[in-house]
Amino acid sequence: MVSSSPVFRFAPSPNGRLHLGHAYSALVNERLAARFGGELLLRIEDIDRIRCRPEFEQSIHDDLAWLGISFSADARRQSEHFDDYRRALDRLDAMGLGYPCFCSRQEVKDAVKRREAEAGTPWPRDPDGAALYPGTCRLLSEADVQRRLEAGEPHVLRLAMDRALARTAGEGLFYRLFDDNGEEREVTVDPARWGDVVLARKDVPTSYHLSVVVDDALQGVSHVVRGEDLEAATDVHVLLQRLLGLPTPRYHFHRLLIDETGQKLAKSRLSRSLTDLRAEGVTPEAIRRQLGFT
Ligand code: GLU
């Protein structure tokens with residue numbers, strides 16, 4: 001599905017209703033796709049079968065149609081493509097880059113605390129502020145791992161970051177960042193700052209990082225436009241693309257809208273949803289104007 005004209009995508013998760021921040025992201029995608037003569041795809045990021053709900057998915061379609069944003073193909077729903085993610089995981093596994101981790105969140109926290117106490121210095125954090133995985137399960141014997149897997153112990157699959165980096169050593173890990181005018185510059189990435197990231201979760205046989213990378217490639221996405229809160233995560237995406245032999249799209253990170261309290265809009269706080277605004281009689285034109293798209 002590789003297309004020669006640019007392909008953009010908007011990729012919301014149906015774990016809540018869309019708010020103005022999503023509208024902004026979709027509109028930036030729409031504007032840049034039009035400016036660069038590209039097409040725009042929709043992807044429903046619904047791997048989290050517990051938090052994602054059909055009514056939220058329906059309102060994504062309704063809200064975007066109401067805003068007047070159209071897409072050039074039917075939406076790709078991640079929950080229908082677990083086999084694609086499985087194949088990617090198998091590939092990483094065959095390269096010896098994945099390992100099972102049986103730690104609970106509490107065990108990770110306790111291990112980090114112990115390390116901090118021993119070293120007398122803070123344990124390194126990832127760009128989102130979470131402590132890097134301290135590597136407990138990398139010390140398990142092969143027999144131990146086998147026994148726990150056979151016993152059906154819940155586990156995540158982690159990327160052995162050092163081995164992954166060794167495999168790509170000398171290749172130069174970077175992506176091209178583009179701006180509104182199509183000017184580009186190369187950005188070198190540093191995936192090590194994320195440590196041994198999770199490739200497949202306990203409850204879901206994939207992760208955000210893995211599925212986003214696989215889907216962008218399978219959908220032929222050439223231009224990823226998303227919020228600057230995902231800029232640092234792109235380091236992991238570039239690494240996975242390189243390991244899986246997938247192309248690296250160009251990236252653009254837009255600003256995040258902030259609410260009256262200076263916090264970024266989020267579904268978990270009560271930012272007004274597009275559905276509510278629509279019910280109150282706000283027009284799509286007013287939203288476009290408010291967000292600077294006239
Ligand atoms: N599904 C993600 C979100 O709703 C966006 C993923 C992406 O654009 O890469 O925040």
Side-chain angles (χ1 to χ4, degrees), residues 6-33 38 40-53 56-61 63-64 67 69 71 75-82 84-85 88 127-128 175 177-178 187 189 191 194 197-199 201 204 206-241 244 246-258 263-269 271 273-275:
V7 177
F8 292 70
R9 56 41 161 204
F10 177 55
S13 299
N15 54 12
R17 303 225 182 253
L18 299 187
H19 53 61
L20 284 172
H22 296 103
Y24 182 73
S25 192
L27 289 166
V28 177
N29 265 290
E30 181 191 56
R31 178 164 67 192
L32 291 177
L40 178 57
L41 302 176
L42 177 63
R43 182 162 74 231
I44 303 293
E45 301 217 319
D46 60 347
I47 56 169
D48 189 331
R49 305 312 291 144
I50 295 172
R51 291 174 64 227
C52 293
R53 303 224 301 256
F56 293 146
E57 184 170 339
Q58 187 54 51
S59 73
I60 288 177
H61 292 290
D63 292 341
L64 294 171
L67 266 179
I69 299 180
F71 298 94
R76 176 178 168 98
R77 301 177 71 235
Q78 290 191 321
S79 58
E80 291 170 355
H81 297 280
F82 284 118
D84 289 327
Y85 313 135
D128 286 346
Y175 62 85
L177 185 73
F178 68 100
V187 176
V189 302
W194 289 97
V197 287
V198 170
L199 296 172
R201 293 161 35 170
V204 179
T206 183
S207 61
Y208 161 65
H209 294 311
L210 186 81
S211 41
V212 89
V213 156
V214 168
D215 284 345
D216 282 339
L218 288 177
Q219 291 189 287
V221 172
S222 60
H223 290 65
V224 172
V225 173
R226 58 187 179 193
E228 59 194 14
D229 53 338
L230 291 173
E231 185 165 357
T234 306
D235 292 17
V236 175
H237 302 172
V238 172
L239 174 63
L240 291 176
Q241 286 151 1
L244 292 166
L246 303 174
T248 292
R250 287 164 162 68
Y251 288 89
H252 175 91
F253 304 101
H254 61 70
R255 69 183 174 92
L256 300 178
L257 299 192
I258 47 171
Q263 304 244 54
K264 77 174 187 189
L265 299 184
K267 280 175 280 199
S268 48
R269 277 191 293 281
S271 317
S273 70
L274 296 181
T275 308

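Start at 1 and go down the list; that is how both ligands and their atoms are numbered.
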Check this for me, if you would: do R17 and D63 make a salt bridge, where the nitrogen-to-carboxylate-oxygen distance has to be below 4.0 angstrom? no
Would you say F10 contacts ligand 1, with heavy atoms under 4.0 Å as the rule? no
For R9, the ligand 1 atoms with a heavy-atom partner under 4.0 Å come out as 7 (C), 8 (O), 9 (O)
Side-chain heavy atoms of L64 within contact of F10, under 4.5 Å: yes
Heavy atom to atom 10 (O) of ligand 1, shortest distance: which of I44, L230, N29 holds it? L230
Regarding ligand 1, does R43 bring an N or O atom to under 3.5 Å of one of the ligand's N or O atoms? no
Identify whether NZ of Lys or CZ of Arg in R255 sits under 6.0 Å from the centre of the six-membered ring of Y24 and within 45° of that ring's axis. yes
Taking only non-hydrogen atoms of R226 and a 4.0 Å limit, the atoms of ligand 1 in range are 7 (C), 8 (O), 9 (O)
Sub-4.0 Å atoms of ligand 1 with respect to non-hydrogen atoms of V212: 9 (O)
Check each of W194, Y208, Y251 against H237 using the ring pair (Phe, Tyr, Trp, His ring centres under 6.0 Å) test, and report the only one that passes. Y208
Taking the side chain as everything from C-beta on, heavy atoms only, tell me whether R250 gets closer than 4.5 Å to H252. no
Tell me whether H22 has any N or O atom under 3.5 angstrom from an N or O of ligand 1. no
Checking contacts here: is it the side chain or the backbone of Q78 that comes within 4.0 Å of ligand 1, counting heavy atoms only? Could be both or neither. neither
Closer than 4.0 Å to some heavy atom of S13 - which atoms of ligand 1 meet that? 1 (N), 4 (O)
Are L32 and F178 side-chain neighbours, meaning at least one heavy-atom pair lies under 4.5 Å? yes
Can you find a pair of side-chain heavy atoms, one from L239 and one from D235, that are under 4.5 Å apart? no
